[in-house]
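For reference, the structure is listed below as structure tokens.
Counting convention: from 1, in listed order, for ligands and their atoms alike. Numbering starts at 1 and runs along the sequence shown. Treat the numbers as computed from the prediction; the structure is a model and nothing was measured.
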Amino acid sequence: VAANVPGKKYWVFAGVIIALVIIRKLGFWLTTFKSYSPITLYNGKQTARGCDKGGCGKWGAPRTRADGIGKHEGQDILCTVGSNVMAPYDGVIERLSVPYPDDARYSGVVLRVNAALIIKIMYMQPASGIVGQKVSAGQVIGICQNISIKYGTNVPPHLHVEVHEWGVKVNPEPYIFKT
Ligand SMILES: [Zn+2]
């Protein structure tokens with residue numbers, strides 16, 4: 001009987017870990033089966049920013065920044081300045097989000113998809129009155145701003161998209177690109 005006690009503890013421990021993983025992934029599972037649309041179209045399709053003279057657009061790409069964060073914590077999507085930005089999922093535009101507190105030229109929004117999940121879309125001018133509104137996937141929520149003015153023409157105009165699961169930034173790729 002005594003030999004069974006440590007075994008039981010390990011099962012409880014494993015159960016807790018599995019439960020935490022399930023809770024953490026809840027946003028993804030709830031969302032995968034809901035409607036999805038491209039965030040923006042560039043030359044007629046949604047195009048990830050690859051690598052250019054200004055850097056790479058992928059999650060985890062190296063970055064040199066004043067605040068010391070050494071990696072890209074989002075996914076960039078190419079856009080044409082002034083083109084429409086669409087809600088990728090049904091949700092609520094919860095609030096504005098400002099990428100640079102000291103640079104009022106650029107703005108963004110936070111789209112709440114469900115209790116677990118928010119999507120931040122940066123370098124876009126929000127549509128007037130959109131904050132606080134319920135939106136549907138595909139609905140226009142703003143227009144693309146020109147980030148090249150800030151970083152120079154080596155950095156092409158793009159949207160910076162972040163996905164937060166329970167407040168933790170995760171790779172946006174599975175949420176914003178259909179496979
Ligand atoms: Zn970015």
Side-chain angles (χ1 to χ4, degrees), residues 24 27-28 31-32 36-89 91-113 116-127 130-131 135 137-179:
R24 174 76 196 285
F28 184 77
T31 304
T32 305
Y36 164 102
S37 79
I39 291 173
T40 193
L41 297 175
Y42 177 75
N43 291 337
K45 56 184 169 54
Q46 172 144 292
T47 306
R49 178 185 174 203
C51 292
D52 45 57
K53 287 176 193 162
C56 297
K58 255 180 119 62
W59 164 264
R63 285 289 185 275
T64 313
R65 277 173 28 182
D67 61 10
I69 294 172
K71 72 177 184 107
H72 188 223
E73 298 187 300
Q75 168 70 53
D76 295 342
I77 300 176
L78 295 176
C79 64
T80 305
V81 176
S83 65
N84 287 336
V85 177
M86 283 82 84
Y89 293 98
V92 174
I93 303 296
E94 197 171 66
R95 59 181 175 86
L96 291 178
S97 182
V98 185
Y100 311 107
D102 58 346
D103 191 340
R105 291 176 297 178
Y106 301 100
S107 52
V109 296
V110 173
L111 171 69
R112 178 161 292 281
V113 180
L117 196 76
I118 62 161
I119 299 182
K120 275 191 187 186
I121 307 174
M122 300 296 203
Y123 314 152
M124 57 163 279
Q125 176 64 50
I130 201 77
V131 175
V135 295
Q139 185 178 336
V140 174
I141 56 172
I143 58 170
C144 173
Q145 297 177 317
N146 190 355
I147 197 64
S148 303
I149 294 173
K150 188 174 185 71
Y151 290 115
T153 49
N154 278 346
V155 175
H158 66 269
L159 299 165
H160 171 83
V161 180
E162 288 179 10
V163 173
H164 300 219
E165 285 175 355
W166 301 107
V168 179
K169 290 177 192 175
V170 298
N171 186 351
E173 221 170 308
Y175 288 101
I176 58 176
F177 298 119
K178 271 182 178 156
T179 47

Quiz prompt | Closest contact, heavy atoms only, Ser37 versus Gly138 | solution = OG-N, 3.0 Å
Quiz item: If you draw the axis of the six-membered ring of Tyr106, does the NZ or CZ of Lys150 fall within 45° of it and under 6.0 Å from the ring centre?
Solution: no
Self-check item: Ile130 side chain reached by Gln139 side chain, heavy atoms, under 4.5 Å
Solution: yes
Quiz item: What N/O/S atom of Asp76 is the closest to the Zn ion (ligand 1)?
Solution: OD1
Quiz item: With the Zn ion (ligand 1) as the point of reference, which N/O/S atom of His160 is the closest?
Solution: ND1
Quiz prompt | Heteroatom N/O/S of His158 within less than 2.8 Å of the Zn ion (ligand 1) | solution = no
Quiz item: With a 4.5 Å limit on heavy-atom distance, are the side chains of Tyr42 and His158 in contact?
Solution: no
